[in-house]
Amino acid sequence: MFKIGDIEIKNPIIIAPMAGVSNSAFRSICFEFNAGLVYSEMISDKAIHFKSKKTFDMVKMLPQEHPLSMQIFGSDIETMVEAARYIDTQTDCDIIDINMGCPVNKIIKSNAGSALLRDIDKAVEIAKAVVESVSKPVTAKIRLGWTKDEINCVELAKRLESVGIKMIAIHGRTRGQMYEGEADYSWIKKVKESVSIPVIANGDIKSLQKAIEVLEYTGCDGVMIGRGAIGNPFLIKELVNYFDNKEITNVTYEDRIFMALDHAKRLCNLIGEEYAMKQMRGLASWYIQGMPYSARIKNETSRMETYNDLEKLYKDYLEDIRKNQENKDE
């Protein structure tokens, strides 16, 4: 347990912001599996400035979504402050996070995300302005640096702390690496040792064993799970049970299928069946990853159009698995 400002985080399991994934449907599942803190998708400062209905819908949250961190991105101080104030006063989130780590070209071209790693004076100036304009705790998500020859995470972390940032999450790669290669936890350890605020380790944490290793090595206050939780919220439960000294239970094929269907139902309620099922075409395959002959099922999920299509496909799939197992046992 630790605190971000005055917000109590009950365990070290933090769920990362993921574009196209971290909507209210996904977040509500993460909270039900008892994640310590969950992030929203990235929210554009400019979209709030121009009063985008789609973005206003993105910041809506369910009553049970606490503690929730809403993440904003941008490079213009004025509109970043405007976005932060909107989230501070018009939403019920608990924490406001500033994205200084997104490596994708679209974000970099607007001088936001990882682009701020090339100008840490500007990054610190934005952080200071946001901190001074809101009442909620402000945090930052960063990377090691722009390239392996321009690693500046320790300096940035210390300066962010000095202007009032209450927690830093750090991905163990540079912008140049994107999502390739391996995360370097040695720099995360150095960041943790250089500041007194909580530090969260991020990058390649997809198993209980990895989470334990990273926490022990870095001394961080928590681990941030990203892609490892897509289609596998059971990982959250496994981690939480371990840190709460509870028994870790096996996850069955049925558990995974019914969780996928539950996720689909939540998406349908959130954005309507048509758009929900388009989104589930990508998400559904994560739920059956590693299951018997799942490749064929993945191909079929790419063609589904309704919730009933998905339900029938998955229930037939479970029945096929059961029959094949019975045949093997005979």
Euclidean distance, [Y] [atom2] relative to [X] [atom1], rounded to 0.5 Å:
{"X": "Asn11", "Y": "Phe243", "atom1": "CG", "atom2": "CZ", "result": "8.5 Å"}
{"X": "Thr55", "Y": "Lys46", "atom1": "OG1", "atom2": "NZ", "result": "13.5 Å"}
{"X": "Asn152", "Y": "Asp119", "atom1": "CG", "atom2": "CG", "result": "10.5 Å"}
{"X": "His171", "Y": "Met224", "atom1": "NE2", "atom2": "CE", "result": "11.0 Å"}
{"X": "Leu68", "Y": "Asp94", "atom1": "CG", "atom2": "CG", "result": "6.5 Å"}

Could you tell me whether the side chains of [X] and [Y] share a donor-acceptor contact shorter than 3.5 Å?
{"X": "Asn23", "Y": "Gln279", "value": "yes"}
{"X": "Ser28", "Y": "Arg266", "value": "yes"}
{"X": "Gln289", "Y": "Ser294", "value": "no"}
{"X": "Ser135", "Y": "Asp88", "value": "yes"}
{"X": "Asp76", "Y": "Thr79", "value": "yes"}
{"X": "Lys141", "Y": "Asn202", "value": "yes"}
{"X": "Asp184", "Y": "Ser186", "value": "yes"}
{"X": "His263", "Y": "Tyr287", "value": "yes"}
{"X": "Ser69", "Y": "Asp97", "value": "no"}
{"X": "His66", "Y": "Asp92", "value": "yes"}

Is [Y] close to [X] at the side-chain level, that is, under 4.5 Å between some pair of heavy atoms?
{"X": "Ile9", "Y": "Pro67", "result": "yes"}
{"X": "Val130", "Y": "Ile98", "result": "yes"}
{"X": "Ser44", "Y": "Phe73", "result": "yes"}
{"X": "Met61", "Y": "Cys93", "result": "yes"}
{"X": "Ile168", "Y": "Ile200", "result": "no"}
{"X": "Ile170", "Y": "Lys192", "result": "no"}
{"X": "Met70", "Y": "Ile43", "result": "yes"}
{"X": "Arg281", "Y": "Thr301", "result": "no"}

Short question: side chain of [X], backbone of [Y] - any donor-acceptor pair under 3.5 Å?
{"X": "Glu273", "Y": "Tyr307", "answer": "yes"}
{"X": "Ser114", "Y": "Cys102", "answer": "yes"}
{"X": "Gln71", "Y": "Tyr39", "answer": "no"}
{"X": "Ser75", "Y": "Ala112", "answer": "no"}
{"X": "Asp221", "Y": "Val199", "answer": "yes"}
{"X": "Glu65", "Y": "Leu62", "answer": "yes"}
{"X": "Asn241", "Y": "Glu247", "answer": "yes"}
{"X": "Asn99", "Y": "Ile72", "answer": "no"}
{"X": "Ser52", "Y": "Ile48", "answer": "no"}

Does [X] [atom1] have over 12 foreign heavy atoms under 6.0 Å away?
{"X": "Glu213", "atom1": "CD", "result": "yes"}
{"X": "Lys136", "atom1": "NZ", "result": "yes"}
{"X": "Glu305", "atom1": "CD", "result": "no"}
{"X": "Phe2", "atom1": "CZ", "result": "yes"}
{"X": "Asn250", "atom1": "CG", "result": "no"}
{"X": "Glu182", "atom1": "CD", "result": "no"}
{"X": "Glu319", "atom1": "CD", "result": "yes"}

So which heavy atom on [X] is nearest to which on [Y], and how close?
{"X": "Ala260", "Y": "Met280", "answer": "O-CE, 3.6 Å"}
{"X": "Val154", "Y": "Lys190", "answer": "CG2-CB, 3.9 Å"}
{"X": "Gly113", "Y": "Ile107", "answer": "N-CG2, 3.7 Å"}
{"X": "Gly203", "Y": "Ala183", "answer": "O-CB, 3.8 Å"}
{"X": "Asp45", "Y": "Gly74", "answer": "OD1-CA, 3.6 Å"}
{"X": "Pro103", "Y": "Arg143", "answer": "CG-NH2, 3.5 Å"}

Plane angle bin for Phe56 and Tyr86 - parallel if under 30°, tilted between 30 and 60°, otherwise perpendicular: parallel

Is the centre of the Phe258 ring less than 6.0 Å from the centre of the Tyr314 ring? no

Ring center gap for Tyr317 and Tyr293 short of 6.0 angstrom: yes

Show your working on salt bridge (charged side-chain N to carboxylate O under 4.0 Å, His left out) between Arg322 and Glu254 and close with a plain yes or no. CA-CA 10 Å; Arg322 185 184 65 79; Glu254 287 82 4; over 6 Å; no

In terms of hydrophobic clusters joined by side-chain contacts under 4.5 Å, are [X] and [Y] together?
{"X": "Ile230", "Y": "Ile13", "answer": "yes"}
{"X": "Val38", "Y": "Val21", "answer": "yes"}
{"X": "Val104", "Y": "Leu116", "answer": "no"}
{"X": "Leu37", "Y": "Leu215", "answer": "no"}
{"X": "Ile205", "Y": "Phe26", "answer": "yes"}

Is Lys246 salt-bridged to Glu238, cutoff N-O under 4.0 Å? no

Hey, are Lys60 and Asp57 close enough for a salt bridge, meaning a charged N less than 4.0 Å from a carboxylate O? yes

Tell me whether the NZ or CZ atom of Lys189 lies within the 45° cone about the ring axis of Tyr217 and under 6.0 Å from its centre. yes

Here's a test for you: under salt bridge (charged side-chain N to carboxylate O under 4.0 Å, His left out), which of Arg296, Lys298, Arg303 qualifies with Glu300? Arg296

For Asp204 and Arg173: C-alpha separation, side-chain torsions, deciding distance, then whether salt bridge (charged side-chain N to carboxylate O under 4.0 Å, His left out) applies. CA-CA 10 Å; Asp204 297 341; Arg173 289 182 175 85; 2.7 Å; yes

